[in-house]
Amino acid sequence: MIKKILMGTFFIALFSTVNANSLSENPIIQSKSSSAYFQQVPKTVIIKTKKFKVRIDLQPNGKYLYQAWGANSKITSKPNMIISDGELVPDGSGGNYYYDFTNKGYHYQIWRNYLTDSAKKAPYTLVVSDENGNTVVEQDGQVVKK
């Protein structure tokens with residue numbers, strides 16, 4: 001009799017633990033770098049600013065590729081600039097992030113603006129800084145193609 005009571009208690013505790021574990025799963029999307037993001041990051045994005053078209057692609061090695069053309073150039077033509085080995089950097093917990101690239105002393109960042117102070121804020125912003133940290137270019141961009 002005691003054996004049946006102990007076995008029953010054991011199984012009740014076991015099944016309760018299984019149910020509690022299945023209810024506490026986290027629905028946050030995980031990226032390949034195992035960082036949590038609330039928004040899904042596209043594998044390819046093309047944005048157009050006042051002076052540039054920029055294409056960012058996720059490479060098989062997990063890094064990002066930056067390609068840039070003049071604003072009026074076709075994306076099928078040879079890019080004016082190519083930068084490899086870019087990183088995706090999360091910015092806070094609201095889903096904002098930016099792509100980070102470095103080339104010949106210049107620092108290129110393409111910010112994804114999910115959370116902003118204004119509903120009129122563009123979805124992307126291109127910021128280019130020189131080696132001293134001075135901003136050389138800052139232009140808002142619209143998505144041409146995701």
Side-chain angles (χ1 to χ4, degrees), residues 7-146:
M7 289 297 279
T9 306
F10 172 75
F11 284 117
I12 289 173
L14 180 66
F15 292 130
S16 297
T17 304
V18 170
N19 286 336
N21 286 338
S22 66
L23 293 176
S24 66
E25 291 178 10
N26 192 352
I28 295 175
I29 298 169
Q30 297 291 326
S31 72
K32 289 184 181 179
S33 65
S34 75
S35 296
Y37 298 104
F38 293 102
Q39 303 292 335
Q40 187 172 7
V41 178
K43 290 183 180 181
T44 298
V45 65
I46 300 171
I47 63 167
K48 183 177 180 182
T49 69
K50 185 177 178 183
K51 295 185 178 183
F52 305 103
K53 281 184 190 170
V54 177
R55 177 179 174 146
I56 299 177
D57 294 298
L58 177 62
Q59 300 297 289
N61 65 359
K63 302 285 187 171
Y64 287 86
L65 179 70
Y66 174 103
Q67 300 175 74
W69 296 264
N72 297 324
S73 299
K74 292 186 178 184
I75 219 92
T76 55
S77 65
K78 183 178 177 183
N80 297 339
M81 180 182 297
I82 299 174
I83 308 171
S84 58
D85 294 332
E87 298 282 335
L88 178 73
V89 180
D91 182 45
S93 62
N96 288 355
Y97 58 87
Y98 63 93
Y99 300 97
D100 192 35
F101 300 90
T102 303
N103 185 36
K104 297 180 182 177
Y106 287 87
H107 200 72
Y108 298 77
Q109 294 179 334
I110 297 86
W111 288 81
R112 177 62 172 108
N113 307 311
Y114 281 113
L115 299 176
T116 64
D117 294 338
S118 170
K120 296 179 181 180
K121 178 72 175 159
Y124 286 90
T125 303
L126 168 66
V127 179
V128 180
S129 305
D130 64 13
E131 57 268 346
N132 297 323
N134 300 320
T135 300
V136 179
V137 174
E138 183 170 346
Q139 296 178 359
D140 288 338
Q142 299 295 325
V143 174
V144 175
K145 177 186 173 189
K146 282 190 176 181

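We count residues from 1, following the sequence as given.
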>> Assess the residue pair I83 and Y99 against the criterion (side-chain contact (heavy atoms from CB on, under 4.5 Å)); give the C-alpha distance rounded to whole Å, side-chain angles, the decisive distance to 0.1 Å, and a yes or no.
In response: CA-CA 12 Å; I83 308 171; Y99 300 97; over 6 Å; no
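- Counting non-hydrogen atoms of other residues, nucleotides and ligands closer than 6.0 Å to CG of N61 gives a total above 12.
- Atom CG of L58 is separated from atom OG1 of T44 by 7.5 Å, given to the nearest 0.5 angstrom.
- Put simply, CZ on R112 and CD1 on I56 are 11.5 Å apart, with the number rounded to the nearest 0.5 Å.
- Looking at D85 and T102, their side chains never come closer than 4.5 Å, going by heavy atoms from C-beta outward.
- Checking side-chain atoms of K53 against main-chain N and O of S73 turns up a donor-acceptor pair under 3.5 Å.
- Taking both residues in full, the closest heavy atoms of P42 and Y124 are given as CG-OH, 4.3 Å, listed atom of the first, atom of the second, then distance.
- Among all heavy-atom pairs drawn from A122 and D140, the shortest one is CB-CB, 3.5 Å.
- Under the 3.5 Å distance criterion, the side-chain polar atoms of N132 are left unmatched by any main-chain donor or acceptor of N134.
- When all heavy atoms of P123 and G141 are compared, the closest pair comes out as CD-O, 3.5 Å.
- No side-chain heavy atom of Q67 sits under 4.5 Å from any side-chain heavy atom of I75.
- H107 places a side-chain heavy atom less than 4.5 Å from the side chain of D100.
- In this structure Y66 satisfies the ring pair (Phe, Tyr, Trp, His ring centres under 6.0 Å) test together with F101, Y108, sequence neighbours excluded.
- Not a single donor-acceptor pair under 3.5 Å links the side chain of R55 to the backbone N or O of A68.
- Side-chain contact between Y64 and V45: absent, with no pair of heavy atoms (C-beta onward) separated by less than 4.5 Å.
- Of all heavy-atom pairs spanning L88 and P90, the tightest one is O-CD, 3.8 Å.
- By the 4.5 Å heavy-atom criterion applied to side chains, K48 and Q142 are not counted as neighbours.
- Scanning both residues, V128 and Y106, for their nearest heavy atoms gives CG1-CD2, 4.2 Å.
- One distance of note links CD1 of I47 with CH2 of W111; it measures 13.5 Å at 0.5 Å rounding.
- Within the model, atoms CG of L126 and OG1 of T49 stand 6.0 Å from one another, a figure rounded to the nearest 0.5 Å.
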